[in-house]
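As structure tokens, the structure follows; a few thoughts come after it.
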Amino acid sequence: LRIILAGPPASGKGTQAALLVERYGLVHISTGDMLRAAVEAGSELGLAAKKYMDAGELVPDELVIGLMQQRMAAPDVQTSGWLLDGFPRTAAQIVAMDAAGIEPDLVISLDVPFEILKERVSGRRLDPETGRIYHLRFDPPPASDKALLDRLIQRSDDDVQKLAVRFENYRENVDALRQRYGAIMAEIDGRRSKEQVFENITRAVGMLR
Ligand code: AP5
Ligand code: ZN
């Protein structure tokens with residue numbers, strides 16, 4: 001099973017990816033997570049990507065495509081199903097997928113309006129140890145776990161102004177995805193609860209079989 005998960009910033013891609021990976025045993029490949037890890041490690045790629053990410057802008061295609069070419073050639077991806085979270089995002093990235101002969105079975109597009117995305121970014125918190133995504137209101141961390149509460153972090157691009165930039169970039173590029181993958185695209189209402197969204201995605205996966 002090969003899935004592309006698309007959607008505006010903070011629409012729930014990472015949240016659904018964690019559930020899908022567990023259900024179907026897929027390799028989770030998130031360009032956002034990989035780029036944040038590169039920034040954290042201070043690698044050459046991280047240094048080049050940081051200023052774009054901090055501003056909420058897209059990282060240049062050649063950097064992201066190079067990163068993905070490496071990742072997609074790794075043995076785990078070659079031998080198992082995968083879930084691409086946040087890639088491809090531009091026309092050039094779609095062209096690179098096609099040039100490499102990489103075809104998804106299904107493209108999930110999460111649909112969430114801007115007003116709701118604002119609530120989601122402002123309450124998002126991450127556990128840097130496990131990568132688990134929380135929301136202070138919608139998916140709160142257990143109040144009894146003091147060590148967890150102490151280590152939760154907020155992403156540097158999680159404010160409403162940067163969200164607006166990220167949302168605009170998303171809107172400019174979404175047609176390219178729809179044009180290329182429209183025939184295998186399932187548009188899912190991402191405003192619903194995490195569980196309901198997951199159920200609707202699994203239903204779309206079930207129709208493939
Ligand atoms: P990336 O990390 O991919 O950021 P993004 O696309 O902006 O998406 P997010 O990770 O912010 O949101 P999400 O959809 O995963 O939502 P989540 O599940 O966390 O990319 C970051 C940056 O890297 C980009 O801005 C760019 O600079 C660069 N980059 C990455 N890929 C690139 C590419 N291909 N090309 C160029 N540059 C690239 O959920 C959000 C919150 O909502 C959480 O708090 C969660 O708990 C909550 N939540 C989730 N689902 C629900 C629900 N159903 N109901 C209520 N709350 C919910
Ligand atoms: Zn994400």
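Numbering of ligands and ligand atoms starts at 1, following listing order.
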Between R155 and the options D159, D157, D158, the side-chain hydrogen bond (donor to acceptor under 3.5 Å, both in side chains) test singles out D157
Looking only at non-hydrogen atoms, the one of S156, G123, A10 nearest atom 40 (C) of ligand 1 is A10
Logged contact type for R166 with ligand 1, heavy-atom cut-off 4.0 Å, is side chain
Under 4.0 Å from one or more heavy atoms of F87, ligand 1 contributes atoms 34 (N)
Atom 15 (O) of ligand 1 sits nearest the protein heavy atom G14 N, 2.8 Å
| query | Should the pair R203-E199 be classified as a salt bridge under the 4.0 Å nitrogen-to-oxygen rule? | reply | yes
Logged contact type for L58 with ligand 1, heavy-atom cut-off 4.0 Å, is both
The protein heavy atom nearest to atom 43 (C) of ligand 1 is I133 CG2, 3.5 Å
Of all protein heavy atoms, the one nearest atom 53 (N) of ligand 1 is R192 O, 2.8 Å
the protein heavy atom lying closest to atom 9 (P) of ligand 1 turns out to be R124 NH1, 3.4 Å
Checklist entry - Under the 6.0 Å and 45° cation-pi test, does R166 pair with Y170? => result no
Nearest heavy atom to atom 35 (N) of ligand 1, choosing from R120, R89, Q93, belongs to Q93
Review point. Under 4.0 Å between a Lys/Arg side-chain N and an Asp/Glu carboxylate O for D98 and R180?
Key: yes
Among R155, R137, R36, K13, the residue with a heavy atom nearest to atom 10 (O) of ligand 1 is R155
Ligand 1 atoms nearer than 4.0 angstrom to some heavy atom of K194 are 52 (C), 53 (N)
Taken to the nearest 0.5 Å, the spacing of I153 CD1 from R124 CZ works out to 10.5 Å
A student comparing G12, A92, G86 should find that the heavy atom closest to atom 16 (O) of ligand 1 comes from G12
Closest to atom 44 (O) of ligand 1 among protein heavy atoms sits Y134 O, 2.8 Å
So for E57 against ligand 1, with non-hydrogen atoms under 4.0 Å, the contacting part is backbone
Under 4.0 Å from one or more heavy atoms of T31, ligand 1 contributes atoms 30 (C), 31 (N), 32 (C), 34 (N)
Quick look: Q196 vs ligand 1, heavy-atom contacts under 4.0 Å, and the answer is neither
In this structure, CD of E195 is separated from CG of L19 (nearest 0.5 Å) by 8.0 Å
Rounded to the nearest 0.5 Å, the OH atom of Y24 sits from the CD1 atom of I201 at a distance of 9.0 Å
Taking only non-hydrogen atoms of F138 and a 4.0 Å limit, the atoms of ligand 1 in range are 55 (C), 56 (N)
Does ligand 1 have an atom that lies less than 4.0 angstrom from a heavy atom of S11? yes
- [ ] Determine, for E187 against R178, whether the closest basic-nitrogen to carboxylate-oxygen distance falls under 4.0 angstrom.
- [x] yes
Check your understanding: Between D85 and K13, is there a side-chain N and carboxylate O pair less than 4.0 Å apart?
Key -> no
Counting from 1 in the order shown, the ligand 1 atoms closer than 4.0 Å to a non-hydrogen atom of L35 are 23 (O), 28 (C), 29 (N), 30 (C), 38 (C)
* Proximity flag M68 to ligand 1, non-hydrogen atoms under 4.0 Å -> no
The answer for which part of S193 has a heavy atom under 4.0 Å from ligand 1 is backbone
Taken to the nearest 0.5 Å, the spacing of F87 CZ from I94 CD1 works out to 9.0 Å
Counting heavy atoms under 4.0 Å, the part of V59 that contacts ligand 1 is both
Ranked by distance from atom 18 (O) of ligand 1, the top protein heavy atom is T15 OG1, 2.6 Å
So CZ of F167 and CG of L117: to nearest 0.5 Å the spacing works out to 6.0 Å
When rounded to the nearest 0.5 Å, the distance separating CD of E62 from CD of Q69 is 11.5 Å
Between R151 and E129 (salt bridge meaning N to carboxylate O under 4.0 Å), is one present in this structure? yes
With a 4.0 Å cut-off, would you call K51 and D54 a salt bridge? no
The closest protein heavy-atom partner of atom 23 (O) of ligand 1 is M53 CE, 3.4 Å
Report yes if some N/O of D158 lies less than 3.5 Å from some N/O of ligand 1; otherwise report no. no
message = Side chains of T90 and D61: any donor to acceptor distance under 3.5 Å?
response = yes
